[in-house]
Amino acid sequence: MAAGIENVKDYAVVMRGITKRFPNVVANDHVDLFVKKGEIHAIVGENGAGKTTLMNQLYGLINPDEGEIYINGKKVNIKNPSDAIKNGIGMVHQHFMLVSNLTAVENIILGSEPRKGAVLDIKKAKKEVKELSERYGLYIDIEAKIEDTPVGMQQRIEILKTLYRGAEILILDEPTAVLTPQETEELFEIMRKLKESGKTIIFISHKLNEVMEITDTITVMRLGKVTGNLKTSQTNPKEIAKFMVGRDVLLRVEKKPKKPKHEVLRVENLWVKDNRGLDAVKGISFNVRAGEILGIAGVAGNGQTELIEALTGLRKAENGKVFLLNDEVTNKDARILREKGLVHIPEDRQKHGLVLQFPGYYNVILGRHYKTPFCIDGFLDMRYIIDYSKKLFEDFDVRPKDPKILAANLSGGNQQKVILAREMSSSPIVSIFAQPTRGLDIGAIEYIHKNILKLRDEDVAIILVSMELEEIFSLSDRIIVMYEGEIMGEVMPEETSYEEVGLMMAGSKLEMIRSGIK
Amino acid sequence: MKKRIMKINLSAFIVPVMSVIIALLIASVVILLIGKNPLIAYYEMLKGAFGSSQDFINTIVKTTPLILTGLAVGFGFRAGVFNIGAEGQMSMGALFATIAGMNLGGFPPYIAIPITILSGMLMGALWASIAGFLKARTGAHEVITTIMLNWISYYLGNYMVAGPLSVGSGTPKSPEIAASAKLPVIIKSQSIELTPGIFIAILMAIVIYVLLEKTSTGYEIKAVGFNPYAAEYGGISIAKNVVLAMAISGALAGLAGALEVMGLHYRYLGTLTSGKGFDGISISLIGQNHPIGIIFAALLIGSLRTGSNAMQFAGIPKHIVMIIQGIVIFLVAADRIVKTILTYRKKHKAGVEK
Amino acid sequence: MTWIISILNIFTNPLFYKITLTAATPFIFAALGGVFSEITGVVNIALEGIMLLGAFVSIVFTYLTGSPWIGVLMAMISGLGMAWLHAWASIKWYGNQIVSGTALILLAQGLTGFLMEPIFGKPGQTDFIGRIKDIKIPFVKNIPFVGEIIGELNPLVFIAIGLVFFSWWFLYKTTMGLRMRAVGENPEAADTLGINVYKIRYFGVLMSGILASLGGAFLSVGELGQFKELMTGGRGFIALAAMILGNWNPIGAFWACLLFGAAEAMNNQLQSSPILQISASTKPLFNMLPFIVTIIVVSGFIGRTRAPAADGVPYIKD
Amino acid sequence: MVTDTGGLGDKSFNDGTWAGIQMAVEEFGLEANVIQSYEQADYIPNLTKAAQEADVVFAVGFMMTDALFKVAPQFPGTYFVGIDITPPEGSEYPNVMTFTFKENEAAFLVGYVAAAMTKSNIVGFIGGIPIPPVERFRYGFEAGVKTYSELHDKDVQILKGYTMVFDDPKKGKDLAMSQFAEGADIIFHASGACGNGVIEAAKEKFTALAGTSDLAGLIDYYWKNGTGLFAMGVDADQDYLAPGAVLASAMKRVDMAAYYGVRDAFEGTFEGGMKVLGLKEKGVGISPMKYTKGLVPNSVIAELYYIINLVNEGILSIPITQEELDSFSVPEIEFPF
Ligand SMILES: Nc1ncnc2c1ncn2[C@@H]1O[C@H](COP(=O)(O)OP(=O)(O)OP(=O)(O)O)[C@@H](O)[C@H]1O
Ligand SMILES: Nc1ncnc2c1ncn2[C@@H]1O[C@H](COP(=O)(O)OP(=O)(O)OP(=O)(O)O)[C@@H](O)[C@H]1O
Ligand SMILES: [Mg+2]
Ligand SMILES: [Mg+2]
């Protein structure tokens, strides 16, 4: 650690003794960070360890209570993002900072617009952005509005935003959390290119294999403090995980052999349209049995979301049938499906999964709020609800354990646990998990994976939709792959490979792959 | 936990009270400028609002509809809809309560009164449901539709009393409602009468509180208001709850209209609402959308209004009260001016303790 | 049949379009004001109050100086003042924008009523103080149909139409406009790019004050030459609805205002039609026409409109 | 005096009553005070307050009818005067004197003038809310137009419209513009403050036509071209609001009524009951047409006086309801000149 102190000039970024206190927590406690010029530097740590907080201070979004920052050896005072931009710092935020009704190019130039007088010189802007995007291979549709742009492209737009401002130091806060493996690979290509052109990159991720693949050095944080400075070439995921969590972590879950039973859910020739009225699911059929995990792999935007919404009563199926224990439930509404034992851990936990302005105890009864024992003759039994939710918070290790806290004030991982607690405790028959571990730290992932397997062992039929191939492979008993609304093939995890599934995700049918035609 | 509740309530009171004090200070400058003595003016105002039993009754009579329109708007806010149409719903409620009340002469009060009340509530609910239905069905913004419905009810109401329903040669008014549909007078001082209307209003505040906090219906309405996506995911129908919320909101406004008819005017008049629906907006927000807070907010505005009439005897024009009311509400909007000072210390302390 | 003929008569009468324009003008000013404010994320329900004060102030200064244009200028300053109050409460102090707006309406109603006596020596309404003269456009005036519509109009009508296009250009073609739209949609994102969210919002709200006050000035010194208490008669709220109907876009709002103005003109023309045999007692019902038309349009044709995502949400930075 | 919600400054019955009271107060050396009402629900409290403080209480405006007859019996020692108020049928209150007006008689006169003066043979009527006083103005106006038309073989059409409000001048102006657009050249209004807009519309149109706005210019234009565009005022003498563009006003002398009220109370001759003031009592009438008299042919003026006489003598009765208007047939009037 002391290594850099004499020679701050070698470092693109030096943060020293950074302390930031929030009302309830010391988010950064005398944190030191040293990032060499031209390297890719990882910051890892559990949810809430203080990574984002640290970077927000580097970018001037919040100001430290104590500590100093040096950029390229010069002490700087970064009060706001403008200062950071002036110092050549660019940040891609954990939650994208894009204006959804503006176009890509408008988002990129916003705040540093080329102009003629007061007028926006949009021609020049487009030209500049095009050049920039070609130089780094960051291909985007510059005229498209963000709301019509897939996440992978949004990510590239975010990076272009920083490059457009001439950033030499790029902060990427969990950039891969929402990306598919392919997109992640593309991102890494770009990062390598940026590194070659001399840029410095700070990379935050919960995925240790990514950290191993792309970075040069690693800073590990835990509870607001730095617990380790590692050279990537001299460490391994197990060691990093231990620095992060303070104990040994299972990086791969133990899975009992499968014992699937009767068929629970059957989907026949299902057709679903997306928000724009285009066919998103095109005649899909499959089934799931009790005690089985069916993994659905696929690049985001290939109809998985629409499929799940149709299965859970949130979207109308245009055609086809869905059977639950041999009862037809096509286009039944969410309440009826829930009553029949279907539960759903939604993809977007804050939009669908929780009423953020409700306290925990209200959130854990969502969907069953009108039923005994929570509600008797239309009146909520508050005492019962609170006791019940306390127990649930205890059982599912939601932190803090107080169910009176608003859901909005829980961290992402704990929000996910609240949803999990609610859905798992309602004795499901079918359980649909959509991206259940997105953005969560390894400890939380471990916990959720264990619970999914526990459900399976309780003979629940499970559908798992995930973009993480690793997650799909380690949990699923069967895998189907979706591409442009169709199923490319069905495989057993032990009989296939990442390559094969990857090819299907890219649009090749299984028969074709196996028969050697690509 | 107990401590926290106390604190919250205290600060909820502090802001309006401070706002009133500041507003009175600012207004006193204005009063001085027209060469009057603000102390005398305020004394008259206070006396006018609470000085005698008659004044006090007047204040209560004025407060009653304000509680209900405040509840109406506040309930809408809790459900995520901005019901700017309480004015029209109140008017339609009054109109239909009148029509019912006119025709109930043959029935005893214990039948006539509830039916009249219910007709008012029902009509208010129906009128508001138009906006709720259009929002749920076509996505039409409720601010547009309720503003438009306000105007339609205005024209319809005035048309009715000038045309089909009009009686007498002088006044644009409907006939009186039947005696059995009038609310009984519980206190009478000369021609100033107090009816149980206020109790109905307070009762409704409690009913709304219970509905919102203790029932699954309230749970659903709030869930839809906060996050319609999550509500839908939880098997709660957005459309049904939007319509229901508008209907309940409208029923409250309609009740305000019905009570004005049954306890005060005994007939429909085109001008009967005179902005009370709009007052409901500020009252609900001063009362922090909380049914009990709304009662006090309504009392505040109600007493300012009664006081202002008396203040005219001290030669102060009625407009000064609108100015005072404007400043009070403005300061309640910008409540952080008061709150920041209070919470800044608290925050600081908490931060250090941790 | 007489109905069809008389409606056709109305549409072929150039004066119908002229009345449409003058009826729409106050809404146009105020709705543009609403757009400027809300596009940056601040709900401005105070339009009604700003208009009323604008109407009053422009008459006061016309009375004092004899020049209605000075009146208009002062009205704009008064609008700026009101808007500043709204901005101060809702941006600086994170106030509830709806409450602040309703407060300002009351304040405007109280102030204008209160100041009548001291300034004009009598309450209620002023005498005719004077108004802006209509302007004749030399050649246009002689074009048959068109000339009768726009050949001779109050200059404020032209200013209103000009401002529609200016606003569109400003919001969609300038850097400031881009920033305003960004701030109304995602203030955090704008903030991370070094844009001062507060300044932009102040600008939007202050502009809305200037614009809405012109709507008031149009009513008093533009159309009537006098002030009457509460003379805006709820037009600010209708403008608010027009802004939403127009999907928070200047051009959209313009069409919405024209629609409303046309429906109002239609109401007047139908009531005044010499060939329609309608008994006097049912004529009052025609006044509902603009409002019914609006409801039908919003629910039948327009449907869901989309507010700027951060509209009404104070931006709190810690 | 307690005003209705219109309040002082309405240039109508509130102002008129106040002026009458002032006149009496000065003459008899008394003191007067006014309470303006904020809304309908204020009437009872305000009248009660006033009764507690004053010897004579004025309730102004038909809106206060109910309130007045609720409060008055509580204060038998106080005199109440109701302006534009009709007592409930069959009631007797010895301490309440009410005044109403035969608006139809005043309107008849302006209707007669309008029909005489129109060149387009279309005249307009703009009402506020069609409440009885407004409608009485319309009945009289229509009858007046019809009478002149039949006596002089003119075919005059009447456009009728309502603003449905009393306090929105812009609405009045827009409606007037529509009537002008449909060919009317004289518009009579009974629409409170909306009428300001009607008058402004006439002024604007006439000014545009004549190319000048001053009185002399307008009159010159009329003489030269034989046409003009006019409004007709209501309640008070509104001719001065736009000299030359307001042809005449149908007046309602609330000030006289208020004056009588105070005088009777002061002199101890106060008598409860309803007083209906018409042409005969000089409670209503046509304005002296200070600016436009020169435009109206002498013959028309003479006929007007003859008609007033007929009304005063009870020979001519002017419709006061829709039914009377529908069955109104123009009497054979032989002018002696
Ligand atoms: N604005 C805030 N107010 C209060 N506490 C905050 C705020 N922002 C962050 N915190 C707290 O500071 C701590 C650090 O949060 P931070 O977001 O930096 O974690 P992180 O390491 O980025 O976690 P993750 O991996 O989940 O992104 C957390 O305990 C969080 O609850
Ligand atoms: N305004 C606030 N006031 C108090 N606490 C806050 C506030 N905003 C955030 N927090 C705290 O911040 C945390 C949530 O922040 P954040 O979503 O960054 O958590 P996280 O650990 O980073 O979760 P994620 O898994 O989504 O990355 C919670 O612990 C919450 O208590
Ligand atoms: Mg986080
Ligand atoms: Mg983070």
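Below, read A as the first sequence line, B as the second, and so on, with proteins coming before strands; counting in each chain starts at 1. Excluded from the calculations below are hydrogen atoms, water molecules and symmetry mates; all remaining heavy atoms, backbone and side chain alike, are included.
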(message) If I measure from the heavy atoms of chain C, does D/Q157 come under 4.5 Å with its side chain, its backbone, both, or neither?
(response)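 The side chain, not the backbone.
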Residues [X], [Y]: salt bridge by 4.0 Å N-O rule:
| X | Y | value |
| --- | --- | --- |
| D/E142 | D/R138 | yes |
| C/E117 | C/K122 | no |
| D/D168 | C/K228 | no |

Contact winner vs chain C - [options], heavy-atom pairs under 4.5 Å:
| options | result |
| --- | --- |
| D/G197, D/A184, D/P169, D/A193 | D/P169 |
| D/T163, D/V165, D/D15, D/T207 | D/T163 |
| D/N196, D/I199, D/I126 | D/N196 |
| D/K170, D/E182, D/K160, D/K171 | D/K170 |

(message) When you compare the side chain of C/S279 with that of C/T282, does any pair of heavy atoms fall below 4.5 Å?
(response)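 The answer is yes, as the side chains (C-beta and beyond) meet within the 4.5 Å cut-off.
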(message) For a 4.5 angstrom cut-off between non-hydrogen side-chain atoms, does C/F218 reach C/R131?
(response)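 No, their side chains stay 4.5 Å or more apart.
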Chain D heavy atoms under 4.5 Å from [X]: which part of the residue, side chain, backbone, both or neither?
| X | answer |
| --- | --- |
| C/E152 | side chain |
| C/L224 | both |
| C/N9 | neither |
| C/E223 | both |
| C/S281 | neither |

(message) At a heavy-atom distance under 4.5 Å, which candidate from C/M231, C/R235, C/E229 has the highest pair count against chain D?
(response)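 Among C/M231, C/R235, C/E229, the one with the most close pairs to chain D is C/R235.
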(message) Heavy-atom pairs under 4.5 Å with chain D - which of C/L270, C/I10, C/D127, C/D134 has more of them than the others?
(response)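 Of C/L270, C/I10, C/D127, C/D134, C/D127 has the most heavy-atom pairs under 4.5 Å with chain D.
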Enter the distance from [X]:[atom1] to [Y]:[atom2] here, rounded to the nearest 0.5 Å.
| X | Y | atom1 | atom2 | result |
| --- | --- | --- | --- | --- |
| C/N268 | D/D174 | CG | CG | 6.0 Å |
| D/L241 | C/F128 | CG | CZ | 5.5 Å |
| C/I132 | C/S67 | CD1 | OG | 8.0 Å |

(message) Looking at C/K133, I want to see if its NZ is surrounded by more than 12 non-hydrogen atoms of other residues, nucleotides or ligands under 6.0 Å.
(response)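 No.
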(request) Could you tell me which residues in residues 13-23 of chain C have at least one non-hydrogen atom under 4.5 Å from a non-hydrogen atom of chain D, sorted by residue number? (result)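 Listed by number: C/N13, C/L15, C/I19, C/T22, C/A23.
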(message) Using the ring pair (Phe, Tyr, Trp, His ring centres under 6.0 Å) definition, which of the options C/Y63, C/F227, C/F114 pairs with C/F120?
(response)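 The residue from C/Y63, C/F227, C/F114 that satisfies ring pair (Phe, Tyr, Trp, His ring centres under 6.0 Å) with C/F120 turns out to be C/Y63.
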(message) Apply side-chain hydrogen bond (donor to acceptor under 3.5 Å, both in side chains) to residues D/T227 and D/N225 and explain how you reach the verdict.
(response) CA-CA 5 Å; D/T227 59; D/N225 301 282; 5.9 Å; no
(request) Would you kindly check if the NZ (Lys) or CZ (Arg) of D/K290 is within the cone defined by 45 degrees around the ring axis of D/Y240 and under 6.0 Å from the six-membered ring centre? (result)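 Cation-pi check for D/K290 and D/Y240: fails.
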